[in-house]
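Some notes on the structure that comes next.
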There are 2 protein chains.
Amino acid sequence: MGTILPKFDSVFSIDCVIFGFDEGELKILLIERNEEPFKNWWALPGYIVEQDESIDHAAERILYELTGLRGIYMDQFYTFGDVNRHPQGRVITVAYYAMIRLSGSKDLKPVSNYASKAVWIPVNDLPKLAFDHEKIFSKGFEKIRHKISYQPIAFELLPEKFTLTQLQHLYEVILNKKLDKRNFRKKMLNYGILKELDEKQKGVSYRAAKLYKFDKRKYAKLFQKEITFGK
Amino acid sequence: MGTILPKFDSVFSIDCVIFGFDEGELKILLIERNEEPFKNWWALPGYIVEQDESIDHAAERILYELTGLRGIYMDQFYTFGDVNRHPQGRVITVAYYAMIRLSGSKDLKPVSNYASKAVWIPVNDLPKLAFDHEKIFSKGFEKIRHKISYQPIAFELLPEKFTLTQLQHLYEVILNKKLDKRNFRKKMLNYGILKELDEKQKGVSYRAAKLYKFDKRKYAKLFQKEITFGK
DNA sequence: ATTACTTAGTGTAAAAAATACACACTATAT
DNA sequence: ATATAGTGTGTATTTTTTACACTAAGTAAT
């Protein structure tokens, strides 16, 4: 940071905690910054909000530029506004989390070059982050951990068709605790928001499991039937 | 709004949904604006964030200027950033809720004069509000309704010493549903976060009820023992 | 002192939900 | 044919939630 940097006044920015579930691990997308300040540091994807775009739109745009994906599940979770959180001026940042289906494919197509690279990193293995991004990540992680216990957001991270074991693993990883297989299945199937398919897992060297889909319609009908998990 | 107004660039502001519980009703504090835009409209208390103060600080300051109170329970809940939410320019507002013990006294001492008046109004009887403040209020109300079911925030609205019936009424008002008296008491006392006092209600023309206090210590010990109410 | 009034305070039984727990089945690979 | 690895299933126990109604205590009026 040896160079002299321009000062600026108030700016809004967006930072995103983008979750993905891959190879049994919960990961987030980090970028390596190629600009001062914090050049070469890892950071959450984020950028300035334009004059004529809403913050929700800015969040979607940033996600798109980085992954080439649209229509992703995103939710605003907190706004960070300490005076000195940015060394160059007053930047208040609105944080969003997003959930992406990695589904093995993993082939994101960044549409911008504002970062030298973007990499999926397991949440249990994060490097030091720029600015107050560690704080932002922690709060975001806490939020989804809380939310997963009463809203069906886990499905956003799984492929469209998944096995109950995959679903259980995901819950276990996010809640950071073991769950009982029989009880998990009983409960999950009881909500009536899963649709059993006539299809089985493929390419495994053991008995293939049944595949399920999240049934949005049924869920919408039950509407605010909140889900309870993790106690 | 007939006058021509100055334009400005990006600004952060804070808006507060300040809850109070009085005479069995849940109320919020509204101000009547005495400046354009929306002159003479009712609005949530709010103001611009200064260059050198954090957003949390700004929220506390605004609350202080309006009520003369400090150290009040406040929590940030959402940030509103639509492009045209403010007619004069781009204003992104961070919304907080606060909870105030009205305790009969009700004698707030406004320290500023930025509003022509400030009045407590029952949440079921709100007038039209300026800007997108109705949306902000709704989201804030939704948040405390959700939060009250797993965190002991209700106590912030009651006098230090309260009866179980008062506590139950407050839950009923916020959750907008009747609760069973015996079950409510059983559950509430079971958490072990209430301290029974050697004191009784005074000045009532019927059998006086026992007074209780919220026991912060015990709660802190149980730490994240979350509370469940309203199902 | 009696009475009427109003709210406080209490227990139990039934239903529902959560938990703990273990083994046989099935597909594949060798 | 055998080993391997994960799938899929049921029951008994405990805990939590729900439904429900009367007596006790204090005040006010007569």
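The figures here come from the full heavy-atom set of this structure, side chains too, leaving out hydrogens, waters and symmetry mates.
By the ring-ring contact (aromatic ring centres under 6.0 Å, His included) test, B:Y212 is found to be paired with no residue, residues two or more places apart in sequence or in another chain being considered.
Between A:D75 and A:K143, no side-chain nitrogen of the basic residue sits less than 4.0 Å from a carboxylate oxygen of the acidic one, so the salt-bridge criterion is not met. Ion pair B:K135/B:D82 flagged as a salt bridge, since at least one NZ, NE, NH1 or NH2 atom sits closer than 4.0 Å to an Asp/Glu carboxylate oxygen. Salt-bridge check for B:R101 with B:E156: passed, with a basic side-chain N closer than 4.0 Å to an acidic carboxylate O. Residues B:K210 and B:E196 are paired through a salt bridge, judged by an N-O separation under 4.0 Å between the basic side chain and the carboxylate.
B:R185 has no side-chain polar atom (N or O) that falls below the 4.0 Å cut-off from OP1 or OP2 of C:dT10.
In this structure, A:Q201 places its CD atom 9 Å from C1' of D:dT7, rounding to the nearest Å. Atom P of nucleotide D:dT17 and atom CZ of B:F184 are separated by 14 Å, given to the nearest angstrom. Distance NZ (A:K177) to C1' (C:dA18): 12 Å, rounded to an integer number of Å. Computed from coordinates, the A:L189 CG to D:dG8 P distance equals 10 Å when rounded to whole Å. Computed from coordinates, the A:F162 CZ to D:dT7 P distance equals 14 Å when rounded to whole Å. Rounded to an integer number of Å, the gap from A:Y191 OH to C:dA16 C1' is 13 Å. Following rounding to the nearest Å, B:K178 (NZ) and D:dA19 (P) show an atom-to-atom distance of 14 Å. Atom NZ in A:K187 sits roughly 14 Å away from atom C1' in C:dA20 (whole-Å rounding).
Aromatic ring pairs are classed by plane angle as parallel below 30°, tilted from 30° to 60° and perpendicular above 60°; the pair B:F77 and B:F80 is perpendicular.
Looking at A:H133, its side chain does come within 3.5 Å of a backbone N or O of A:L44 through a donor-acceptor pair.
Relative to the ring axis of A:F184, A:R182 does not place its NZ or CZ within 45° and under 6.0 Å from the centre.
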Classify every nucleotide of nucleotides 23-30 of chain C by which part a protein heavy atom approaches to under 4.0 Å, writing B for the base, S for the sugar-phosphate alone and - for neither, in 5'-to-3' order. --BBBSS-
Atom pairs under 3.5 Å: protein N/O with N/O of nucleotides 11-13 of chain C:
residue: C:dG11; atom: O6; partner: B:R182; partner atom: NE; Å: 3.4
residue: C:dG11; atom: N1; partner: B:R182; partner atom: NH1; Å: 3.4
residue: C:dT12; atom: O4; partner: B:K186; partner atom: NZ; Å: 3.1

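Contact annotation for B:T163: no contact, since no heavy-atom pair falls under 4.0 Å across all strands.
Atom NZ of B:K161 has 12 or fewer heavy atoms from other residues, nucleotides or ligands within 6.0 Å.
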